[in-house]
Amino acid sequence: AKKLAILESVVKKQEKWRNELRASLRPLLANMELYHLKPSDVEQRAKQADCKSLHVHPAQLYASVNAFLLAFLLNAIFHRRKRHGILVGILFILYPITRIVLEAIRADNPLDTGGLTVSQAVSVAGIVFGILWLLWIYRQPLRSPRAVAFIPPEEPEAAKA
């Protein structure tokens, strides 16, 4: 009885898959009927060079690698920085530069903003902002006159023993 139930569930799954396959093939079969094509005609047409898609770059993979490299670089700079806020300025300069390059690799966005894509135009503004930010940061005193040095509290006598 248990084997029969398992067999019935497998048969139901196969029937479901067949129905899904039939549903997914309906548009193709309708076009074949409309244009009086045989399966061999469709197969021949698919092998022709003008039916193949263009080669594309894996832009999402590039963006992931870019994010990892930026994070690694900014982490390396973090402990060597002389002023607070420098990392934000560097990020506002480096990320837009890499974004402009990535947008140039992708060929799916129109060049509708002064010969640039919208993302490239925003990136140019980000670079300008990053430069202005760093100029402002470097004009600030190295340490704020209002800063108070941190003095750790003394340990209680009980903790020393």
Side-chain angles (χ1 to χ4, degrees), residues 6 9-10 12-14 16-28 31 42-161:
I6 292 172
S9 71
V10 168
K12 285 181 185 178
K13 284 181 185 177
Q14 286 179 344
K16 179 183 173 190
W17 291 335
R18 277 192 208 101
N19 291 336
E20 288 174 0
L21 180 62
R22 284 187 195 113
S24 66
L25 288 176
R26 273 193 204 111
L28 175 63
N31 279 331
V42 174
E43 186 178 358
Q44 274 183 329
R45 182 73 178 126
K47 289 180 181 177
Q48 293 176 353
D50 62 338
C51 287
K52 302 212 183 286
S53 66
L54 299 174
H55 295 286
V56 294
H57 285 275
Q60 295 85 354
L61 182 62
Y62 295 163
S64 298
V65 170
N66 172 47
F68 175 75
L69 291 175
L70 281 177
F72 182 77
L73 178 68
L74 292 175
N75 187 42
I77 295 171
F78 179 77
H79 298 290
R80 293 166 182 80
R81 72 190 191 288
K82 300 286 187 215
R83 300 168 187 271
H84 294 291
I86 288 178
L87 288 180
V88 172
I90 293 172
L91 179 64
F92 264 103
I93 292 172
L94 292 181
Y95 178 73
I97 290 171
T98 59
R99 182 63 188 224
I100 288 170
V101 172
L102 287 172
E103 285 291 317
I105 290 171
R106 295 176 60 176
D108 60 345
N109 291 330
L111 304 175
D112 57 359
T113 312
L116 302 170
T117 66
V118 173
S119 296
Q120 287 174 327
V122 170
S123 294
V124 169
I127 292 170
V128 171
F129 175 78
I131 291 169
L132 293 174
W133 177 266
L134 285 178
L135 289 173
W136 180 76
I137 289 291
Y138 276 105
R139 291 181 188 231
Q140 302 302 312
L142 195 56
R143 183 183 173 115
S144 172
R146 297 181 304 227
V148 177
F150 174 74
I151 301 171
E154 291 187 27
E155 293 182 24
E157 293 296 324
K160 290 181 182 178

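Positions are given from 1 along the sequence. The figures that follow rest on heavy atoms only: side chains count, while hydrogens, waters and symmetry mates do not.
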I'd like to check the salt bridge (Lys or Arg N to Asp or Glu O under 4.0 Å) partners of [X]; sequence neighbours left out, ordered by chain and number.
| X | result |
| --- | --- |
| Asp50 | Arg45 |
| Arg18 | Glu15 |
| Lys47 | Glu43 |

For [X], enumerate each residue passing the side-chain contact (heavy atoms from CB on, under 4.5 Å) test, keeping only those at least two apart in sequence or located in another chain.
| X | result |
| --- | --- |
| Pro27 | none |
| Arg26 | Ala23 |
| Leu61 | Pro58 |
| Val101 | Ile105 |

Donor-acceptor list for residues 133-140 side chains, cut-off 3.5 Å, not counting sequence neighbours:
unit_1 : atom_1 : unit_2 : atom_2 : d
Trp133 : NE1    : Gly85  : O      : 2.7
Gln140 : NE2    : Trp136 : O      : 3.4

How long is the straight-line distance from [atom2] of [Y] back to [atom1] of [X], given to the nearest 0.5 Å?
| X | Y | atom1 | atom2 | answer |
| --- | --- | --- | --- | --- |
| Arg99 | Gln120 | CZ | CD | 9.0 Å |
| Ile93 | Ile131 | CD1 | CD1 | 5.0 Å |
| Leu21 | Gln14 | CG | CD | 12.5 Å |
| Asn19 | Arg22 | CG | CZ | 5.5 Å |

message: Filter on ring-ring contact (aromatic ring centres under 6.0 Å, His included), then keep only pairs touching residues 82-113, sequence neighbours left out; what's left?
response: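 Pairs touching residues 82-113 that pass the test: Phe92-Phe129.
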Residue pairs, two or more places apart or on separate chains, that pass ring-ring contact (aromatic ring centres under 6.0 Å, His included) and touch residues 107-127: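 The answer is none; no pair qualifies.
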- prompt: With a 4.5 Å limit on heavy-atom distance, are the side chains of Gln44 and Gln48 in contact?
  reply: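 The answer is no, as the side chains (C-beta and beyond) never meet within the 4.5 Å cut-off.
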N/O donor to acceptor pairs below 3.5 angstrom from side-chain atoms of residues 66-79, sequence neighbours left out:
unit_1 : atom_1 : unit_2 : atom_2 : d
Asn66  : OD1    : Thr98  : OG1    : 3.3
Asn66  : ND2    : Thr98  : OG1    : 3.1

- request: Just grab all the side-chain hydrogen bond (donor to acceptor under 3.5 Å, both in side chains) pairs involving residues 121-131, residues at least two apart or on different chains.
  value: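 Sorted result for residues 121-131: empty, none.
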